[in-house]
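Accompanying notes for the structure given below.
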Amino acid sequence: MDKGRLSIHKLKPYNSWREFFPLIDLVFNAYIKNIKVKSIQRIGLRYINNIEIPLPAFDVEQYFNLYPHLPKDLPQELASFMTGIIFIFEKGRDNAKVQLLDKPLTAQGASRIVLDMDYFLLKPNSVASDEVKEWVANAHKNTEMIFETILTDKTKQLFD
């Protein structure tokens, strides 16, 4: 943290938003009380999810609703993949960058997919410091919707 920057992180184990959000609120309120921030240049909420698929190879479409489209004339076996998209939210004020890529897993017989979701304020100074709590709650709602929509039921069963 310095005079113009604040970063709040939560690494494993991430239990729930219900536990993390009060920490964000507490730290941010202490920050603005001491720094006197009037408006926000950049704010973001980012989730990096490592999803283990218990197979060395699998059909991406069975596990994710976001995947690379391969024309039938191209080879269908992939060594690796990465796909991404940027969604517009709140009438262009916010964006959500979503990337899905595979990463090698050291364990034999399994695959790891990284789902990286970065929801951020696109227009600087469009959120006042007293609106941050509401912005973060809304960012979480939109990010959760993306997460739930991208994962298929088959992937969700892996979390149980």
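It should be emphasised that the depicted structure is a prediction, and the values quoted were computed from it without experimental measurement.
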Problem set entry | Verdict with supporting geometry, D94 and R42, salt bridge (Lys or Arg N to Asp or Glu O under 4.0 Å) | CA-CA 10 Å; D94 302 340; R42 186 192 190 289; over 6 Å; no
For this session: Rounded to the nearest 0.5 Å, what's the gap from CD1 on I48 to CG on N50? Could you check?
Result: 8.0 Å
Exercise. Okay, side chain of D59, backbone of E61: is any donor-acceptor separation there less than 3.5 Å?
Worked result: yes
For this session: Look at the side-chain heavy atoms of Ile, Leu, Val, Met, Phe, Trp and Tyr, link any pair under 4.5 Å apart, and say whether I86 and L122 land in one connected group.
Result: no
Seminar exercise, completed: When rounded to the nearest 0.5 Å, the distance separating CD of E52 from NZ of K103 is 13.5 Å
Exercise. Does the E131 side chain pair with the main chain of A128, one donor and one acceptor, at a distance under 3.5 Å?
Worked result: yes
For this session: Considering only NZ, NE, NH1 and NH2 on the basic side and carboxylate oxygens on the acidic side, decide whether R112 and D102 come within less than 4.0 Å.
Result: no
Seminar exercise, completed: Of all heavy-atom pairs linking P54 and L158, the shortest is CD-CD2, 3.7 Å
Exercise. Is T155 reaching over with its side chain to a backbone N or O of L151, donor-acceptor style, under 3.5 angstrom?
Worked result: no
Seminar exercise, completed: To the nearest 0.5 Å, atom CD1 of I40 lies from atom CG of N125 at 9.0 Å
For this session: Would you confirm whether the ring centroid of W135 sits within less than 6.0 angstrom of the ring centroid of F120?
Result: no
Exercise. Taking all non-hydrogen atoms of both residues, which atom of E90 and which atom of N138 are closest, and how far apart?
Worked result: OE2-ND2, 2.8 Å
Problem set entry | Side chain to side chain, L6 and I8, heavy atoms closer than 4.5 Å | yes
Problem set entry | Heavy-atom donor-acceptor pair, S111 side chain to P56 backbone, under 3.5 Å | yes
Exercise. So, does K133 use its side chain to make a donor-acceptor pair with the main chain of N29 at under 3.5 Å?
Worked result: no
Problem set entry | Reported CG-to-CG distance for the pair D116 and N49, which is rounded to 0.5 angstrom | 8.5 Å
Problem set entry | Separation between OG1 of T149 and CD1 of I146, rounded to the nearest 0.5 Å | 8.0 Å
Problem set entry | Check against ring pair (Phe, Tyr, Trp, His ring centres under 6.0 Å), F89 and Y119 | CA-CA 9 Å; F89 285 93; Y119 189 101; 5.4 Å; yes
Exercise. Is the shortest heavy-atom distance from the side chain of K141 to the side chain of M145 under 4.5 Å?
Worked result: no
Problem set entry | Side chain Q76, main chain L74, donor-acceptor under 3.5 Å | yes
For this session: Report yes if the side chains of N65 and T152 come closer than 4.5 Å at any heavy-atom pair, otherwise no.
Result: yes
Exercise. Looking at the rings of Y67 and F81, which for Trp means the six-membered one, are their centres under 6.0 Å apart?
Worked result: no
Exercise. For I88, does the CD1 atom sit with more than 12 other heavy atoms under 6.0 Å from it, leaving out its own atoms?
Worked result: no
List the atom pairs, donor and acceptor, that lie under 3.5 Å between side-chain atoms in residues 10-19 and the rest of the protein, sequence neighbours left out.
| residue | atom | partner | partner atom | Å |
| --- | --- | --- | --- | --- |
| K10 | NZ | P13 | O | 3.0 |
| Y14 | OH | W17 | N | 3.2 |
| Y14 | OH | Y47 | OH | 3.1 |
| N15 | ND2 | E19 | OE1 | 3.3 |
| S16 | OG | R18 | N | 3.4 |
| S16 | OG | E19 | N | 3.2 |

Problem set entry | Residues, nucleotides or ligands: over 12 heavy atoms within 6.0 Å of M82 CE | no
For this session: Enter the distance from I150:CD1 to I113:CD1 here, rounded to the nearest 0.5 Å.
Result: 12.5 Å
Exercise. Does a sphere of radius 6.0 Å around CD in E148 hold more than 12 heavy atoms from other residues, nucleotides or ligands, not counting ones at 6.0 Å or beyond?
Worked result: yes
